[in-house]
*Asks:* 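Here it is: the structure, laid out below.
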Amino acid sequence: MDLRIRLHDGKPFLFSWMGIPGAQLAGQLARAGLDGVALDLQHGLIGMDQANLMAAAIIAAGKPVITRVLWNDPGLIGQALDFASSVIIAPMINSVEHARALVKAAKYPPLGQRSWGGYAMVQASGKSAADYLKDANRDSLVFAMIETQEALDKVEDIAAVPGLDGLFVGPSDLSIALSKGAELNRLSAANLVAMKRIAEVARAHKLVAGAFAGTPQIISQYDALGYTFLAAVTDNDVLRMGVAVSVQLGI
Ligand code: 3PY
Ligand code: MG
C-alpha cells in the first residue's frame, strides 16, 4: 500500500491507539482489521525499548506504524522513524517555529535535517538504503498536533510550513484549552467549531486532517467535519469493553 496516496484518497483511515506495552498485543491489534496502529509514547506507558518490538510486530502484520512521540524533540522523532514508523504525530505544535523544528527533525535534506542511521526502517521498507533515502521524505508522514488556543490562533501559518503532511487535533486538550480548564469534552460546541475550521485549513493546504476520536459516535461527527485520519479505539477501551460485553453475555 502506498500510504501517502491512501491518506489523500479522501476515505476514512481508522487506526487503533496503544498505550499498553507489549508486542503480542500490538500484533493482535494490527490483525484486528483497522488500517494501522498508533503507539502513544506521550501518554501511554510504552518506552523506546518496547516501542521498537511493537513496531516490528505491527509491520509483520502488514500494517503501518503511527507514533505519537513524547515531545517535539529531534532525538525522539529520529528514533521513532528509525524503528520504522510511517507516521509521526508530534504533540503541542503551537507555533510556526515548532512546526519547522518538527519537519527539520523528520525529513532529510532539502526539506529538513533528519540524521541518517539505524537500519530497521530500511529493512522494513524492503528497499536498498539508497532507495529508502530517495523515498523517505515522501513515505514518512508528519502530523502537527493542534490542541491549544495558541495553535488555533496560528493554524493557517502552521499549515503553510513546507514539509508538513497533516494536522492532527488533540480534542481533549483542545476542549480543556477552549473552556479555560472547565471542561473535558471531545464533542464540546467550541471544539466542533474550531475543528471545522482546522479541517478547512488543512484542506486548503492539501494536508490530511486527523484527530483522536475514540468512539463510533465521535468518529462519525469528526468524519462529517472532514477528518479522515482518525484514532478509532484505544487498547484500554478494547479490554474494558471486551470484559463488559463478556460479563453481560455470561461468558
Ligand atoms: C488529546 O486529545 O489532547 C490528545 O492528545 C489525544 O489523545
Ligand atoms: Mg493532547
Side-chain angles (χ1 to χ4, degrees), residues 12-21 26 29 34-46 51 54 65-73 76-77 80 85 87-95 98-99 101-102 141-155 158 164-199 202 207-223 225-241:
F13 182 100
L14 302 181
F15 51 95
S16 45
W17 183 272
M18 295 191 72
I20 303 172
L29 280 175
L34 294 182
D35 300 308
V37 180
L39 306 179
D40 181 8
L41 306 193
Q42 184 190 19
H43 290 298
L45 303 172
I46 305 165
M54 295 167 79
V65 177
I66 299 151
T67 299
R68 196 253 294 263
V69 290
L70 176 59
W71 201 245
N72 184 25
D73 171 277
L76 300 174
I77 292 165
S85 304
V87 179
I88 297 292
I89 299 175
M92 296 277 171
I93 301 300
N94 295 332
S95 65
H98 289 174
L102 169 58
L141 292 107
V142 182
F143 282 70
M145 286 197 75
I146 305 296
E147 49 183 352
T148 64
Q149 181 68 57
E150 273 172 277
L152 199 53
D153 293 343
K154 291 275 165 0
V155 67
I158 291 172
L164 212 58
D165 300 295
L167 303 179
F168 192 85
V169 176
S172 296
D173 277 318
L174 188 64
S175 70
I176 294 171
L178 299 184
S179 67
K180 301 200 179 353
E183 190 181 27
L184 174 65
N185 177 2
R186 279 173 270 161
L187 290 176
S188 71
N191 257 28
L192 295 180
V193 170
M195 288 182 69
K196 183 163 184 289
R197 182 167 151 246
I198 296 166
L207 300 181
V208 180
F212 180 92
T215 71
Q217 187 210 0
I218 300 179
I219 290 169
S220 66
Q221 296 226 32
Y222 290 177
D223 177 58
L225 294 177
Y227 288 80
T228 52
F229 182 70
L230 292 166
V233 67
T234 68
D235 48 3
N236 269 299
D237 283 346
V238 165
L239 290 168
R240 201 173 46 76
M241 291 184 296

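Heads up: numbering here begins at 1 and tracks the sequence. Read the numbers this way: they start at 1 and go in the same order the structure lists the ligands and their atoms. Side chains included, hydrogens not; waters and symmetry mates left out as well; all remaining heavy atoms used.
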*Asks:* How would you list, by chain and number, the residues with a heavy atom under 4.0 angstrom from ligand 1?
*Replies:*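 For ligand 1, the residues that come within the 4.0 Å heavy-atom cutoff are R68, M145, E147, G170, P171, S172, D173, F212.
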*Asks:* Partners of D35 by salt bridge (charged side-chain N to carboxylate O under 4.0 Å, His left out), sequence neighbours excluded?
*Replies:*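 In terms of salt bridge (charged side-chain N to carboxylate O under 4.0 Å, His left out), with neighbours along the sequence ignored, D35 is linked to R6.
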*Asks:* Below 6.0 angstrom between ring centroids: does that apply to F168 and F212?
*Replies:*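 No; F212 has its ring centre 6.0 Å or more from that of F168.
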*Asks:* Mind listing the closest non-hydrogen atom pair of N72 and I93 along with its distance?
*Replies:*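 Smallest heavy-atom distance, with atoms named: ND2-CD1, 3.4 Å.
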*Asks:* For R240, what residues pass the salt bridge (charged side-chain N to carboxylate O under 4.0 Å, His left out) criterion, not counting sequence neighbours?
*Replies:*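 In terms of salt bridge (charged side-chain N to carboxylate O under 4.0 Å, His left out), with neighbours along the sequence ignored, R240 is linked to D237.
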*Asks:* Out of curiosity, T148 OG1 to N94 CG, how far, rounded to the nearest 0.5 Å?
*Replies:*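 So the gap between those two atoms works out to 3.5 Å.
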*Asks:* Using side-chain contact (heavy atoms from CB on, under 4.5 Å) as the criterion, point out the one residue from I219, L167, I198 that pairs with Y227.
*Replies:*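 Result: among I219, L167, I198, I198 is the only option passing the side-chain contact (heavy atoms from CB on, under 4.5 Å) with Y227.
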*Asks:* Identify the two heavy atoms, one from L184 and one from S175, that lie closest to each other, and give their separation to 0.1 Å.
*Replies:*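 In this case the closest contact between L184 and S175 is CA-OG, 3.6 Å.
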*Asks:* For the CG atom of L102 and the CE atom of M145, what is their distance to the nearest 0.5 Å?
*Replies:*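 Interatomic distance, L102 CG to M145 CE, rounded to 0.5 Å: 12.0 Å.
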*Asks:* What protein N/O/S atoms sit under 2.8 Å from the Mg ion (ligand 2), by chain and number?
*Replies:*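 Only E147 OE1, D173 OD2 fall inside 2.8 Å of the Mg ion (ligand 2).
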*Asks:* For the residue pair Q42 / D40, report whether a side-chain donor-acceptor contact shorter than 3.5 Å exists.
*Replies:*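 There is no such pair between these side chains.
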